[in-house]
Amino acid sequence: MVAPQIESLKILFNITARYLLFTGVAYLFFYVWRNKKYWPAKIQQRYPEKAHIIREIFFSVVTILIFGIVIIATTWAGYKGYTRFYSHISDKGYLYFFVSVGLMIALHDTYFYWTHRLMHWKPLFKHVHKTHHLSINPTPFAAYAFHPIEAFVEIGIIPLIAFTIPHCGLAIILFSIYALVLNVAGHLGFELFPSGFASHWLFKWHNTSTHHNMHHRLVKCNYGLYFNFWDRVMKTNHPTYEDAFEKIVEQREQTKLAAEANAAETNAAAELVDQ
């Protein structure tokens with residue numbers, strides 16, 4: 001039967017294309033095209049080695065194949081009526097549509113935190129999760145750089161959602177894009193949020209690139225994905241997280257001001273010469 005084969009290839013192509021689009025654009029923009037401009041926002045003031053990037057891409061390819069297998073199986077379970085999939089947004093309305101995406105995000109944030117804590121159990125860390133932590137100074141390509149076993153755990157959120165939350169196809173797509181964008185942002189290696197974000201009464205509940213970057217360097221802290229809820233509740237934030245965030249932002253802003261001052265002096269000098 002041709003249709004299932006075509007549908008499977010389409011799913012695998014979409015997963016690959018999204019990964020390449022979001023990780024590739026982020027890497028090219030921050031690490032190649034505008035690297036000098038955004039260097040002051042670099043959390044770790046050094047660029048990763050070429051071998052480091054190649055390793056991240058290799059494990060990402062393996063992860064994409066595993067993600068594809070699980071998503072294809074879940075999709076066909078939905079076609080057979082085994083999941084809680086429904087065909088049209090109008091079946092449950094637009095209000096529920098957006099609520100369902102929010103439920104997926106909240107469920108995934110909880111799922112990720114606790115499976116991530118599990119991955120830091122010594123036997124699993126040594127043989128599985130350490131692969132991801134080889135990216136001490138991560139790039140966007142580290143977003144999918146998992147050991148195969150961890151890749152199966154990571155994608156386990158999709159069947160969990162499919163069998164528990166009534167959903168339409170577009171809701172899953174939006175959730176998947178959100179998950180990938182936030183994953184890439186966490187591994188970006190550059191801090192773009194403004195001063196005070198990590199300690200603000202509202203915004204502090206959302207994670208930053210600094211938060212996850214510290215996890216890659218320091219290992220036993222900062223386990224959360226999207227939100228800072230579970231880390232705060234379970235007291236697993238690194239005690240210097242907010243200070244580290246402010247230090248990076250201050251470094252970024254001071255360098256920016258210095259560059260602007262130098263540019264102003266250069267322009268003023270040029271005007272004097274012209275006169």
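- Under a cutoff of 6.0 Å and an axis angle of 45°, Lys92 and Tyr86 form a cation-pi pair.
- In this structure, Asn137 and His216 have side chains that are not in contact, with every pair of non-hydrogen atoms separated by 4.5 Å or more.
- Side chains of Asn237 and Asn228: a donor on one and an acceptor on the other come within 3.5 Å.
- Here the side chains of Phe152 and Ile66 are in contact, with some heavy-atom distance below 4.5 Å.
- Not counting sequence neighbours, the partners of Asn213 by the side chain to side chain donor-acceptor pair (under 3.5 Å) test are Gln44.
- Across every non-hydrogen atom of Ala244 and Met214, the tightest pair is CB-SD, 3.9 Å.
- Annotation: Leu95, atom CG; neighbour count of heavy atoms from other residues, nucleotides and ligands within 6.0 Å does not exceed 12.
- Val61 and Leu134 are not part of a single hydrophobic cluster, where members link through side-chain heavy atoms under 4.5 Å apart.
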For Trp76 and Ser8, run side-chain contact (heavy atoms from CB on, under 4.5 Å): C-alpha distance rounded to whole Å, both residues' side-chain angles, the deciding distance at 0.1 Å, then the answer. CA-CA 9 Å; Trp76 284 104; Ser8 297; 3.9 Å; yes
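- Interatomic distance, Ile11 CD1 to Thr16 OG1, rounded to the nearest 0.5 Å: 11.5 Å.
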Under 3.5 Å, which donor-acceptor pairs link side chains of residues 97-113 to any protein atom two or more places apart or in another chain?
from, atom 1, to, atom 2, distance (Å)
Ser100, OG, Tyr96, O, 3.4
Ser100, OG, Phe97, O, 2.6
His108, ND1, Tyr226, OH, 2.6
Asp109, OD1, Tyr226, N, 3.0
Asp109, OD1, Phe227, N, 3.2
Thr110, OG1, Ala106, O, 3.3
Thr110, OG1, Trp230, NE1, 3.0
Tyr111, OH, Val153, O, 2.5
Tyr113, OH, Arg117, NH1, 2.8
Tyr113, OH, Thr236, OG1, 2.9

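- Ile72 CD1 to Ile158 CD1: the interatomic distance, rounded to the nearest 0.5 Å, is 13.0 Å.
- In this structure, a donor-acceptor pair under 3.5 Å is absent between the side chains of Ser195 and Glu253.
- Put simply, Ile69 and Leu160 are part of two different groups of oily side chains (I, L, V, M, F, W, Y) that touch within less than 4.5 Å, one to the next.
- Take Thr210 and apply the side chain to side chain donor-acceptor pair (under 3.5 Å) test, not counting sequence neighbours, and it matches Glu191.
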Worked verdict on Tyr27 versus Phe141 for ring pair (Phe, Tyr, Trp, His ring centres under 6.0 Å): CA-CA 8 Å; Tyr27 181 82; Phe141 296 118; 5.1 Å; yes
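- Note that the CD1 atom of Ile157 and the OG1 atom of Thr74 stand 11.0 Å from one another [nearest 0.5 Å].
- The two residues Ile89 and Cys168 have their closest heavy-atom pair at CG1-SG, 3.8 Å.
- Note: the hydrophobic cluster containing Tyr241 does not contain Phe190 (ILVMFWY, side chain heavy atoms under 4.5 Å, direct or indirect links).
- Minimum interatomic distance between His238 and Asn222 (heavy atoms only, all atoms of both residues): N-OD1, 2.7 Å.
- Screening residues 29-53 for salt bridge (Lys or Arg N to Asp or Glu O under 4.0 Å) gives no qualifying pairs among residues at least two apart or on separate chains.
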Verdict with reasoning, Val249 to Phe193, per side-chain contact (heavy atoms from CB on, under 4.5 Å): CA-CA 8 Å; Val249 173; Phe193 282 127; over 6 Å; no
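- Residues Leu192 and Tyr31 fall within the same hydrophobic cluster, defined by Ile, Leu, Val, Met, Phe, Trp and Tyr side chains chained together at heavy-atom separations under 4.5 Å.
- In this structure, the side chain to side chain donor-acceptor pair (under 3.5 Å) partners of Trp39, at least two apart in sequence or on a different chain, are Gln45.
- For the ring pair (Phe, Tyr, Trp, His ring centres under 6.0 Å) test, no residue two or more places apart in sequence or in another chain qualifies with Phe245.
- For the residue pair Gln251 and Pro40, the shortest heavy atom distance occurs at NE2-O, 2.6 Å.
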Apply the test side chain to side chain donor-acceptor pair (under 3.5 Å) to residues His88 and Ser90: give CA-CA distance (whole Å), side-chain angles for both, the deciding distance (0.1 Å), then the verdict. CA-CA 5 Å; His88 306 289; Ser90 58; 5.5 Å; no
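- Leu9 CG to Phe13 CZ: the interatomic distance, rounded to the nearest 0.5 Å, is 11.0 Å.
- Interatomic distance, CZ of Phe59 versus CZ of Arg55, reported as 7.5 Å (0.5 Å rounding).
- Scored by the side chain to side chain donor-acceptor pair (under 3.5 Å) test, His116 finds His120, His129, His215 as partners (sequence neighbours excluded).
- Trp33 CH2 to Asn35 CG: the interatomic distance, rounded to the nearest 0.5 Å, is 11.5 Å.
- Criterion: ILVMFWY side-chain heavy atoms under 4.5 Å apart, direct or through other members. Under it, Trp205 and Phe203 are not part of a common hydrophobic cluster.
- The two residues Thr23 and Pro140 come nearest to each other via the heavy atoms CG2-O, 3.5 Å.
- Residues Arg84 and Ile161 have side chains not in contact (no heavy-atom distance under 4.5 Å, counting atoms from C-beta outward).
- Every residue two or more places apart in sequence or in another chain that forms a salt bridge (charged side-chain N to carboxylate O under 4.0 Å, His left out) with Arg232 is listed here: Glu242.
- Contact between Ser135 and Glu56 at its shortest, heavy atoms only, is OG-OE2, 2.8 Å.
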Derivation and outcome, ring pair (Phe, Tyr, Trp, His ring centres under 6.0 Å), residues His147 and His127: CA-CA 9 Å; His147 184 282; His127 298 290; 9.0 Å; no
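- Residues Thr75 and Thr83 fail the side-chain proximity criterion, which asks for heavy atoms closer than 4.5 Å.
- The hydrophobic cluster containing Phe125 also includes Val219, under a criterion of side-chain heavy atoms closer than 4.5 Å among ILVMFWY residues, counted directly or through chains of members.
- In the hydrophobic clustering, where aliphatic and aromatic side chains (Ile, Leu, Val, Met, Phe, Trp, Tyr) are joined below 4.5 Å either directly or transitively, Ile43 groups with Ile248.
- Taking the side chain as every heavy atom from C-beta outward, Thr139 and His52 approach each other to under 4.5 Å.
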Only distances under 3.5 Å count here; give the side-chain donor-acceptor pairs of residues 169-186 to other protein atoms, sequence neighbours excluded, each with its distance to 0.1 Å.
from, atom 1, to, atom 2, distance (Å)
Ser176, OG, Ile172, O, 2.8
Asn183, OD1, His187, ND1, 3.0
Asn183, ND2, Ala143, O, 2.9

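- The local environment of CH2 in Trp121 is sparse, with at most 12 non-hydrogen atoms from other residues, nucleotides or ligands closer than 6.0 Å.
- Residues Leu188 and Phe30 form a side-chain contact, since some pair of their non-hydrogen atoms from C-beta on lies under 4.5 Å apart.
- A 4.5 Å side-chain heavy-atom check between Tyr223 and His212 finds every atom pair outside the cut-off.
- Not counting sequence neighbours, Phe163 has no partner by the ring pair (Phe, Tyr, Trp, His ring centres under 6.0 Å) test.
- Contact check for Ser60 versus Phe146: no side-chain heavy atoms found under the 4.5 Å cut-off.
- Looking only at atom types and distance, the side chain of Tyr19 has no donor-acceptor partner in the side chain of Thr63 under 3.5 Å away.
- Around atom CD1 of Ile136, no more than 12 heavy atoms belonging to other residues, nucleotides or ligands sit under 6.0 Å away.
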